Amino acid sequence: AFTLAPPMSASLSSFVGVDRMIFRRLFDLAMPIVGLNLMGVITLAVDTAMCGRLMNAEAALTALGFATQLLFLLMVAIIGLTVGTVAFVARAWGAREVDRVNHVLQQSTQLTYILSTVVAVLGIAFAGNAMELLGAEAEVRDLGVRYLRPLFGLTVFLYLNMLFAAALRAVGNTILPFLIALVSNLLNIVLNYGLILGRLGLPQLGVEGAAWGTVISQAVAVAMMVGILSRDVVPGVRARLGIVRLDMPLAKDLVRIGVPAALDMVVLNIAFLAIIGMLARVAQVAVAAHGIGLRIQSLAFVPGLGVGQAIGAMVGNALGASKEPEARQVVRSGIILSTAIMSSIGLSIIVGAVPIVSLFDVDPTTELGRYSILWIRVLGWGMPFVGVQVALMGMLRGSGATNTSLLINVIGSIFIQVPLSWFLGFVLDWGALGIWVALPLSFGLRMCLSIAAYRHGGWAQSGATI
């Protein structure tokens, strides 16, 4: 049978004492997830480049920058629901309860409708106020609102795409979401080219065109997913869009598992804003360097996060089938795979920091260049810790132990990273270096806490339900 597993996987897994077949399955499941997530990053970069060719490019790009911060709230809401859906669907699939798989997915779809309606109403009503609160000037505010309103108003398509991809991941199919996303993202790029710049016979809508191109491509992806699943491509699994009565006990369970995962994202964003505030007190150029480093980080983290999502699905399957030893094998294999990948990426960005900075048209000899190189190298040294941590976070989320995951992130981000950044940056007077060094150190602590959670074993609760 065709496999995506690398030639070295068998010898590596044998050397460290993990199951070869589990390692192979994990790799095959994870790689399409990595590809799907990378497509999202690349498409956003292409959209930004197209908006940079507009006559009002500076205002357009500034509006996109503000809007991106608000769109983060979109992601927080649906991430919680998808984590809960994966936890329950994966267990039901592992227990061979296909009817329950479809029931959970249908109920999650109903919650998606409710969630997207709330987001649409609030987003359309308050998009302008939110832009002003962030400090946007009149022209930038108006451009941002024109961009945000289609995305908020039709956010149901984004949410359904994320939900269906998560559910398919939970039943071991990541190829189908990847292929649909490939078609959807290519369509998005073509539509945005036409609608942003007025090409291909389409009207020139500027920044607003980027939003409409995205929404249309997302709607096409939903239609493709529903149509393909109706043909029994994934035996027994259906994506039904009809409205049905809510199963309140299940809905409460999905919220119980999903809310801590959503709060995880909020905690990380609070820490992010605190770090930005500290860097601004050191030097404005350090904030700019941090922004460059975050673009590198967003790409560098994608493979590890993809492996973590695959771990969550396979752990849920194993626990649903009451196979705790297999779940532990999945975690061990995932730690090895994730750490190997992330360590390799870390070494690459340490060695290649100077040419990487040059790709952003930044002179490495300037103050901005020196700060950027410093931050990228600090980030690189922390990547092995990140590799272990994201694997164990995948374990906790996939098993439904999201309260434990939230607690670890609260301790690591709010009680360790932020105070340590302040202490190293200002008390010891290390400046930006001290603020940045706190990140890999906090990941090291979170890694230790996650290892302790793994060894404690509270996450390994077997059965089709949680």
Side-chain angles (χ1 to χ4, degrees), residues 1-10 12-13 16 18-40 79 82-83 85-96 98 101 104-105 161-182 225 228-229 233-237 239 301-321 323 325-342 387-388 390-400 459:
F2 176 73
T3 177
L4 293 173
M8 46 72 70
S9 63
L12 175 60
S13 61
V16 295
V18 300
D19 187 283
R20 295 182 182 184
M21 293 305 298
I22 289 177
F23 189 91
R24 187 181 298 272
R25 282 170 47 209
L26 180 64
F27 185 92
D28 288 350
L29 189 66
M31 289 307 104
I33 301 174
V34 174
L36 190 152
N37 292 340
L38 278 175
M39 276 191 285
I79 281 174
T82 57
V83 168
T85 300
V86 168
F88 280 95
V89 168
R91 284 176 176 265
W93 187 257
R96 301 182 184 278
V98 177
V101 167
V104 172
L105 180 54
N161 273 307
M162 294 181 67
L163 177 69
F164 293 151
L168 285 174
R169 180 170 73 246
V171 301
N173 188 319
T174 53
I175 290 291
L176 179 57
F178 171 77
L179 293 176
I180 290 176
L182 182 61
M225 181 69 77
I228 291 172
L229 288 180
V233 172
V234 181
V237 178
F301 277 29
V302 163
L305 293 173
V307 174
Q309 290 175 319
I311 291 169
M314 288 182 62
V315 163
N317 292 159
L319 293 178
K323 297 178 180 178
E326 180 177 318
R328 291 184 178 276
Q329 284 280 3
V330 169
V331 176
R332 287 196 289 270
S333 295
I335 290 173
I336 292 164
L337 180 58
S338 178
T339 306
I341 293 173
M342 300 303 278
V388 178
V390 296
L392 291 169
M393 284 296 104
M395 169 198 78
L396 292 171
R397 288 184 170 188
S399 65
W459 58 275

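Note that this is a predicted model, so its numbers are computed, not measured. What you see below is based on every heavy atom in this structure, not just the backbone, and it leaves out hydrogens, waters and symmetry mates. Numbering of residues begins at 1 and proceeds along the displayed sequence.
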Side chain to side chain contact (heavy atoms under 4.5 Å, CB included) assessment of Q309 paired with V86: CA-CA 9 Å; Q309 290 175 319; V86 168; over 6 Å; no
Minimum-distance pair of heavy atoms, taken over all atoms of M395 and I311: N-CG2, 3.8 Å
Side chain to side chain contact (heavy atoms under 4.5 Å, CB included) between V315 and V331, worked out: CA-CA 7 Å; V315 163; V331 176; 3.8 Å; yes
Close side-chain approach of I22 and M314, heavy atoms under 4.5 Å: yes
Distance in Å, F178 CZ paired with M31 CE, rounded so as to fall on 0.5 Å steps: 11.5 Å
salt_bridge(E326, R25) N-O dist < 4.0 Å: yes
I175 side, atom CD1; L182 side, atom CG - distance, nearest 0.5 Å: 11.0 Å
From F164 atom CZ to I228 atom CD1, the distance as rounded to the nearest 0.5 Å: 12.0 Å
Atom of G387, atom of T339 and distance for their closest heavy-atom approach: C-OG1, 3.8 Å
L163 CG to M225 CE distance, which is reported to the nearest 0.5 Å: 9.5 Å
T82 (side chain) donor-acceptor with I79 (main chain) under 3.5 angstrom: yes
Smallest separation among heavy atoms of L29 and A310, with atom names: CD2-O, 3.7 Å
Heavy-atom pair of closest approach, residues L319 and S399: CD1-CB, 3.7 Å
Heavy-atom check, side chain of L36 versus side chain of T174, under 4.5 Å: no
V307 vs F27 side-chain heavy atoms within contact, under 4.5 Å: no
For the student: nearest non-hydrogen atoms of P177 and L168, plus distance: CG-CD1, 3.8 Å
Minimum side-chain heavy-atom gap R169-I33 below 4.5 Å: yes
Min side-chain heavy-atom separation F301-V390 under 4.5 Å: no
V388 side chain near S338 side chain, heavy-atom distance below 4.5 Å: no
Residue of the set L105, V101, N317 for which side-chain contact (heavy atoms from CB on, under 4.5 Å) holds with V171: V101
Smallest separation among heavy atoms of L26 and S333, with atom names: CD2-C, 3.8 Å
Flag side-chain contact, heavy atom, 4.5 Å: F23 against Q329: no
